[in-house]
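By convention in this document, chain letters (A, B, ...) are assigned in the order of the sequence lines, proteins followed by strands, and residues within each chain are numbered from 1.
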Amino acid sequence: MRPVRPEFLPDPALSREEMETLQFDVAAAADWTDAFDFDPRDVSLGTEASLTGERPLVAGVDQAFLGDRGVSAVVVSRGDTVVERVHAVTDLEIPYVPGLLSFREGGPIVAALEKLSCDPDLLLFDGSGRIHFRQAGLATHLGVVFDRPSVGVAKSLLCGRPTEDVDGRPEGWRTDVVADDTVENADPGEVIGHAYQSRQYDSEPIINPLYVSPGHRVSVPTATDLVSRLCGGYKLPEPTRRADAYADEAKAEYR
DNA sequence: GCGACAG
DNA sequence: ATCTTGTCGC
């Protein structure tokens, strides 16, 4: 896979102001409508045949750290079958700053995606997409750079506000996350993502919801639909879990 | 100045 | 994200 829009590559050498300017440009280039050619109903776990054509290839992307180096792992699968796994290690040039995550972790992610020999229909990232100060989170940024449908799945909320109280909701429940005054390029109240309860126990440990948002070429409702089809009884979607496990494996070899 | 803050 | 033992439960 090669970057289709290299002018948008997340360069850690940019000044903080240049990074923010690039994010506004990335958000302007992003498409938040369902602009993909597969049938979202074909995206699921299991081994059943697709309704129409071949089942989509979903790539889960996750990162792990080794001191001042970052490891990005990508696991591509078609339902339950893993088709390809690649990873890359690069030096981390800048510290973590809320809102600038793609500039810190973009290096290893781009390097790993460039090693992919197959081309996935959907990219699933651990982090936000539109739920971001300039609607240009990790998922949006990389989705635009590779011009590939992408979705962001975060375990906590960066910005914006859920329309309803999210505590103790039943499995399958979802509610809108709307822009607040910290989202610089959206009208307050605009829907930028969902809080989605992917898993919930009958009692005790109350599980927090997932914060799902479009990266590129996917709408808010569809982003959550896709994620819901990939959570096989676990809180996190399977592609992301596989990438997480592979990142740990790769990490162990560089120690 | 205070509070918020993906991974 | 990462540093970490034990522990509760299916």
What does [X] touch in the nucleic acid at a heavy-atom separation under 4.0 angstrom: a base, only the sugar-phosphate, or nothing?
{"X": "A:Phe65", "value": "sugar-phosphate"}
{"X": "A:Ser156", "value": "sugar-phosphate"}
{"X": "A:Leu210", "value": "nothing"}
{"X": "A:Ile131", "value": "nothing"}
{"X": "A:Gly99", "value": "base"}

field: SB check A:Glu249 A:Arg85 (cutoff 4.0 Å)
entry: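 Yes, A:Glu249 and A:Arg85 are salt-bridged.
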> Are A:Arg148 and A:Asp121 within salt-bridge range, i.e. N to O under 4.0 Å?
Replying inline: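 Looking at A:Arg148 and A:Asp121, the cut-off is not met.
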* Asked: In terms of heavy-atom contacts, does CD of A:Glu7 have more than 12 from other residues, nucleotides or ligands at under 6.0 Å?
  ->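 Check passes, neighbour count above 12.
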Review point. In terms of heavy-atom contacts, does OH of A:Tyr234 have more than 12 from other residues, nucleotides or ligands at under 6.0 Å?
Key: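 For A:Tyr234, atom OH is not crowded (no more than 12 foreign heavy atoms under 6.0 Å).
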Mark yes or no for whether [X], through its side chain, and [Y], through its backbone, hold a donor-acceptor pair below 3.5 Å.
{"X": "A:Arg199", "Y": "A:Gly172", "result": "no"}
{"X": "A:His194", "Y": "A:Thr224", "result": "no"}
{"X": "A:Lys235", "Y": "A:Ile207", "result": "no"}
{"X": "A:Arg130", "Y": "A:Ser213", "result": "no"}

Test A:Arg229 against A:Glu238 for salt bridge (charged side-chain N to carboxylate O under 4.0 Å, His left out), laying out the working first.
CA-CA 10 Å; A:Arg229 295 178 152 289; A:Glu238 205 56 36; over 6 Å; no
Applying the Watson-Crick and G-U criteria (both distances under 3.5 angstrom) with [ ] for crossing and | for other-strand pairs, one obtains for DNA chain B .......
| request: Return the residues of residues 170-195 of chain A meeting this criterion: a heavy atom under 4.0 Å from some atom of DNA chain B. Order them by number, or give none. | output: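 Residues of residues 170-195 of chain A under 4.0 Å from DNA chain B: none.
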Which pairs of donor and acceptor atoms, one on a side chain in residues 57-68 of chain A, lie under 3.5 Å apart (sequence neighbours left out)?
unit_1	atom_1	unit_2	atom_2	d
A:Gln63	OE1	A:Ser72	OG	3.2
A:Gln63	NE2	A:Glu105	OE1	3.1
A:Gln63	NE2	A:Asp126	OD1	3.4

Smallest separation among heavy atoms of A:Asp225 and A:Arg174, with atom names
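Smallest interatomic distance, heavy atoms only, reads OD1-NH2, 2.9 Å.
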Check: Got a second to check how far A:Gln135's CD is from A:Cys159's SG, nearest 0.5 Å?
Finding: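 The distance works out to 8.5 Å.
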Listed pairs under 3.5 Å, donor-acceptor, residues 161-168 of chain A side chains, sequence neighbours left out:
unit_1	atom_1	unit_2	atom_2	d
A:Thr163	OG1	A:Asp176	O	3.2
A:Glu164	OE2	A:Thr175	OG1	2.7
A:Asp165	OD1	A:Asp167	N	3.0

Notebook entry, point to check: Can you give the first and last nucleotides of DNA chain C, 5' to 3', that have an atom under 4.0 Å from a heavy atom of chain A?
Noted result: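 Range of nucleotides touched by chain A: C:dA1 to C:dT2.
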Please identify the 5'-most and 3'-most nucleotides of DNA chain B with any atom under 4.0 angstrom from a heavy atom of chain A.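 The footprint of chain A covers B:dC5 to B:dG7.
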